[in-house]
Amino acid sequence: MDSQSNYEGLTYVSKEPSVGTLRNAYSETVLDLEGYFDLCRNSYDDRRNEWAGKSRDHRKHGADAFPWEGAADMEAHTIDERITRLVSLFMSALNRANVRAFPVEAGDIARSVVVSGFLKWMVSSGYIPRFKREMELGANYLLERGILLTYVGWHREDRRFLQELSVEQIAQNSPELAEAIVSGLADNEITALIQAAFDGISTSRAKKALKDLKETGKAELPVVRRQIDAPEVKTLAPDGDFFFPSYVTDPQRAPYCFWRTYYTPQELENKVVTDGWDKDFVDYIIGHYRGINNDVTNREDNISRNSSLNNSTYESNDLVELIYGYQRLIDQEDGSEGIYCTVFHKDFDGNDLAPGYAKFELLNGYEDYPVVVTKLSEDSKRLYDTPTIPDVLRGIQNQIKVERDSRIDRNSLATLPPILHPVGQAPSDWGPGRMIPYRRKGDLDFAPAPAFNSGSIEMEQTMEAQADRLCGLDEKSQISQIRQQFLVDKFLQHSAEVLRMCYRCFQRFGPDSIFFRVTGIPDPQTFDKGNAEENFDIVVNYDVLNSDTESQEKKLEQIVALTQMDRNGRINVDRLLDTVANAIDPVLADSILQPTEVAQEQIVKKVTDDLTKIFAGIEVNAQPNGAQIALQLIQEYAQQPDITQRLQTDQSFAARIEKYSSQYTFQLQQMQNAQIGRLGTAPAGMLSPELQQPQQPQQLQQ
């Protein structure tokens with residue numbers, strides 16, 4: 001294929017894709033990325049302490065063993081320990097982060113609040129399947145392989161299941177078909193109605209179902225059920241699943257990219273029905289290219305390696321490898337640009353029996369490739385020129401391993417130093433309680449053991465501290481905390497972009513409306529797609545200092561103290577209560593916090609019940625909270641003409657009301673005393689307790 005054909009196949013849209021051009025581009029892309037694949041293989045091995053010649057007993061063996069056969073060869077999990085700590089920090093930040101949608105235009109201000117609640121529900125409810133799991137995998141990839149790559153799309157899947165149906169059950173879905181069966185129409189007409197009512201059923205199965213219905217009143221028919229209709233988020237391995245050209249600096253400006261994935265034959269057959277894949281292609285691929293061998297041999301050390309999700313080689317006869325080729329193509333007629341997707345096999349061009357692709361389509365409405373890409377460090381323009389945590393800490397881990405091995409070897413020498421004996425008269429045995437013969441005293445002796453080197457421990461501690469500083473895990477360093485916040489922000493920014501794309505997919509492909517419920521809103525909310533052109537800046541933020549209990553406590557105390565200076569009511573106390581409760585324990589907060597309207601209704605109901613009991617002659621105590629609302633209710637209650645009259649005539653009733661009201665007044669005084677105790681005097685603008693108290697029932701009588 002000449003260069004002009006390659007250029008046109010990768011630049012301009014046509015009725016059918018140029019599969020040969022895509023196959024060549026895929027092969028060249030994978031070949032050009034071999035350097036990055038080597039980096040990922042080394043990072044994988046360094047994190048998991050894999051090296052050539054490693055033995056299960058952690059001892060050195062063979063001709064190259066140094067300093068002696070059986071010397072220590074221990075693991076040093078310096079890299080894995082820090083990556084695991086950072087991943088835990090990332091996921092904790094994501095679980096506790098604040099998700100907000102900020103409007104881009106003034107007209108979207110009111111809707112932004114609802115969108116923020118909807119995004120929070122998408123994450124917490126599981127509407128995005130396996131979102132937390134995929135983001136945890138992505139955090140590992142970001143730190144270990146230097147690139148975090150997440151696919152975002154919409155997954156709508158209908159699956160057919162055989163179900164035994166009676167005529168009555170058929171009537172619920174297709175009254176016309178049931179009436180035709182009962183009325184005794186011609187068999188060919190009823191068969192046609194069955195095929196129309198049950199999508200995908202063959203003529204032979206429809207005839208068999210009709211025969212069974214006539215004989216037994218029941219038949220097995222395929223029922224289509226919608227299994228999934230939700231956003232799809234998948235973290236893809238940058239060295240095994242998704243590939244950009246090696247020269248790419250901005251992934252969204254790449255002319256093409258590729259997603260390698262695997263399907264079972266059952267999944268491929270289902271794609272023909274649900275996604276419109278070419279049946280001839282699917283049948284041919286299953287028959288000729290079924291089975292994979294994920295075993296790649298490194299040419300340098302002849303060790304079995306692979307560039308996939310894990311470091312284990314395997315074979316599978318039940319999987320089929322397929323490639324999604326995404327291209328940014330131009331329409332030659334009007335110059336319009338679009339993102340096109342072609343599903344093909346890397347070893348099949350097509351022939352007389354089947355085309356070379358399963359599907360070729362325009363990703364309608366997509367302006368960018370359906371992936372979000374984040375680099376660990378923007379220290380180079382090219383996407384694949386990126387450092388990894390194992391690459392940064394490799395030297396430190398190796399030095400720590402050397403120091404530990406040397407101390408173990410020194411302890412081995414100190415436990416049993418080399419035994420000095422006359423030539424040719426080596427002791428036949430050695431150990432506690434052994435009988436060792438000698439000719440004269442001094443024939444047997446120990447060689448001097450190496451002196452203990454305290455500098456080895458100091459060296460290891462220095463290396464550990466340096467590793468913590470490089471990863472932002474040194475709790476004593478302020479610069480290290482800034483580095484930690486930088487890494488957390490990078491991960492959360494990626495998560496925010498994923499949520500933004502999920503929301504856009506919902507607008508394009510989701511249902512017209514959906515019900516959701518979040519903490520702080522009493523009733524389920526109905527959320528519609530809205531205007532497809534609306535746009536929001538989605539932010540997911542978290543302060544790493546919030547993981548420090550003391551720092552978080554001081555911060556919350558300062559915020560609460562601000563309420564005493566809030567003369568104009570600018571602080572929303574209810575939201576402050578939500579924030580403080582979520583900072584203490586988000587799960588517990590969701591369980592105990594209730595909407596303000598619901599809480600007020602409960603207080604009103606409880607106080608009303610108490611007043612009813614007091615009226616009936618039963619003495620009750622005040623509720624533990626809601627004093628302000630309770631006093632207002634008592635005042636309104638006492639001003640009713642019949643209650644006022646009884647208060648004047650029934651001293652016992654008046655005493656019960658007086659006692660009940662005084663308990664709420666005391667609650668308000670206690671809250672005011674707490675403020676006075678912190679400030680030393682009454683805060684500015686605070687009335688005296690006497691002036692703040694509502695009128696008592698006896699005062700109302702006058």
Side-chain angles (χ1 to χ4, degrees), residues 517-523 556 559-582 584 588-647 650 653-678 682-683 685-702:
R517 184 167 188 249
V518 295
T519 302
I521 301 178
D523 300 318
L556 293 176
I559 294 295
V560 172
L562 287 177
T563 59
Q564 303 168 15
M565 304 170 59
D566 183 23
R567 300 182 181 181
N568 299 320
R570 298 178 61 187
I571 296 178
N572 189 320
V573 179
D574 290 331
R575 289 187 180 179
L576 176 60
L577 181 62
D578 290 342
T579 302
V580 174
N582 279 281
I584 297 172
L588 185 60
D590 286 340
S591 301
I592 64 175
L593 288 179
Q594 58 185 356
T596 303
E597 296 82 1
V598 175
Q600 292 177 350
E601 290 176 0
Q602 289 184 354
I603 289 295
V604 171
K605 183 179 182 303
K606 290 179 180 179
V607 173
T608 303
D609 292 343
D610 289 345
L611 292 175
T612 302
K613 294 177 181 178
I614 292 175
F615 187 87
I618 302 173
E619 186 173 311
V620 296
N621 292 321
Q623 299 295 327
N625 49 21
Q628 192 71 42
I629 298 176
L631 287 173
Q632 183 178 353
L633 285 173
I634 294 172
Q635 185 173 358
E636 294 174 356
Y637 178 76
Q639 291 176 351
Q640 298 179 33
D642 56 334
I643 301 300
T644 302
Q645 182 178 0
R646 183 174 178 183
L647 286 171
D650 189 343
F653 175 66
R656 290 194 298 271
I657 291 289
E658 174 72 21
K659 181 178 180 180
Y660 187 67
S661 176
S662 299
Q663 291 177 351
Y664 285 116
T665 302
F666 182 74
Q667 289 182 10
L668 288 179
Q669 291 176 345
Q670 289 296 100
M671 289 187 288
Q672 295 172 4
N673 291 338
Q675 298 181 21
I676 295 173
R678 285 193 295 267
M686 177 183 288
L687 300 176
S688 64
E690 294 77 10
L691 295 177
Q692 283 192 336
Q693 296 174 15
Q695 289 181 318
Q696 301 297 323
Q698 293 182 351
Q699 296 172 332
L700 291 172
Q701 297 175 19
Q702 302 173 359

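One is the number of the first residue; the rest follow in order along the sequence. None of the values given here were measured: they were computed from a predicted structure.
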Discussion item. I want to check something: taking the side chain as every heavy atom from C-beta on, are Val607 and Ile629 in contact at a cut-off of under 4.5 Å?
Written reply: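 Contact flag for Val607/Ile629 side chains = no.
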
Worksheet item: What salt bridge (charged side-chain N to carboxylate O under 4.0 Å, His left out) pairs are there with at least one residue in residues 635-647, not counting sequence neighbours?
Response: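 Sorted result for residues 635-647: Arg646-Asp650.
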
Once rounded to the nearest 0.5 Å, what's the spacing between atom [atom1] of [X] and atom [atom2] of [Y]?
X	Y	atom1	atom2	value
Arg656	Asp610	CZ	CG	13.0 Å
Leu611	Ile634	CG	CD1	6.0 Å
Leu633	Lys605	CG	NZ	13.5 Å

Discussion item. Tell me if a side-chain donor or acceptor on Thr608 pairs with a main-chain N or O of Val604 at a distance below 3.5 Å.
Written reply: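 Here the side-chain-to-backbone pair exists.
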
Worksheet item: Looking only at atom types and distance, does a side-chain atom of Tyr664 sit under 3.5 Å from a main-chain N or O of Gln623, one as donor and one as acceptor?
Response: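 A pair under 3.5 Å: yes.
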
Worksheet item: What pairs with Phe653 under ring pair (Phe, Tyr, Trp, His ring centres under 6.0 Å), at least two apart in sequence or on another chain?
Response: Phe615

Discussion item. Are there over 12 heavy-atom neighbours, none belonging to Gln645, within less than 6.0 Å of that residue's CD?
Written reply: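 12 or below, so no.
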
Worksheet item: Tell me the ring-ring contact (aromatic ring centres under 6.0 Å, His included) pairs involving residues 626-645, sequence neighbours left out?
Response: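 The answer is none; no pair qualifies.
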
Worksheet entry | Closest approach of Ala638 to Leu647 (non-hydrogen atoms, all atoms of both residues) |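 Looking at all heavy atoms of both residues, the shortest contact is CB-CD1, 4.0 Å.
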
Worksheet entry | Side-chain ion pair, Asp609 and Lys613, N-O less than 4.0 Å | no

